[in-house]
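Working notes, structure below.
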Amino acid sequence: MSKILADSDYCLDTFNPAAMARNIATRVRERRLELNLTQKSLADKAGVSLGSLKRFENSYEISLKHLLMIAIVLDATEEFDHLFTKPQYQSIDEALKIASVKNRKRGSRHV
């Protein structure tokens, strides 16, 4: 995964992890500036190191834990609640089709 994030040439039409990380970091920086927070003050309030915040804003790399801590300070945690939620069905047929698929407890290994 880190290779994908580091590879700026990696791009599919609607999925580009490097661009997504850059966009998130840009929005964090913009929100920080809107709230008139310095990098140091945001890092202190979030309980993350200044280096972690700078690395995120400059090279778009951060741990999920630190990103969540920053999101709490910036009042942006609601967005995380929508990640990996169950899909909303568009029709009864779609719901029945998905319900008929056996619920898997874990992923299968393809050799």
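Bear in mind that the values here come from a model prediction, so they are computed numbers and not experimental data.
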Problem - Same apolar cluster (I L V M F W Y, side chains within < 4.5 Å links), F84/L67 - result: yes
Practice task
Would you list the pairs meeting salt bridge (charged side-chain N to carboxylate O under 4.0 Å, His left out) in which at least one residue belongs to residues 35-49, sequence neighbours left out?
Solution key: K40-D44
Fill in the blank from the handout: Taken in chain and number order and not counting sequence neighbours, the residues that satisfy side chain to side chain donor-acceptor pair (under 3.5 Å) with T38 are S41
Problem - Inter- and intrachain pairs under salt bridge (charged side-chain N to carboxylate O under 4.0 Å, His left out), touching residues 76-85, at least two apart - result: none
Problem - Interatomic distance, T85 atom OG1 to H82 atom NE2 [nearest 0.5 angstrom] - result: 8.0 Å
Practice task
Determine whether Y60 and I24 fall in the same hydrophobic cluster, where Ile, Leu, Val, Met, Phe, Trp and Tyr are linked whenever their side-chain heavy atoms lie under 4.5 Å apart.
Solution key: no
Completion exercise
Apart from I72 itself, members of its ILVMFWY cluster (side-chain separation under 4.5 Å) are none
Problem - Residues which pass side-chain contact (heavy atoms from CB on, under 4.5 Å) with L64, listed by chain and number, not counting sequence neighbours - result: L68, F80
Practice task
Not counting sequence neighbours, list each pair that qualifies as a side-chain hydrogen bond (donor to acceptor under 3.5 Å, both in side chains) and has a residue in residues 27-37.
Solution key: R32-E57
Between side-chain atoms of residues 48-56 and protein atoms elsewhere (two or more places apart, or another chain), which donor-acceptor pairs fall under 3.5 Å?
from: S49; atom 1: OG; to: S52; atom 2: N; distance (Å): 3.0
from: S49; atom 1: OG; to: S52; atom 2: OG; distance (Å): 3.0
from: S52; atom 1: OG; to: R55; atom 2: NH2; distance (Å): 3.4

Practice task
Taking the side chain as every heavy atom from C-beta outward, state whether L42 and L74 have any atom pair closer than 4.5 Å.
Solution key: yes
Exercise for the section: List in chain and number order the residues that pass side-chain contact (heavy atoms from CB on, under 4.5 Å) with S91, two or more places apart in sequence or in another chain; answer none if no residue qualifies. Expected result: D93, E94
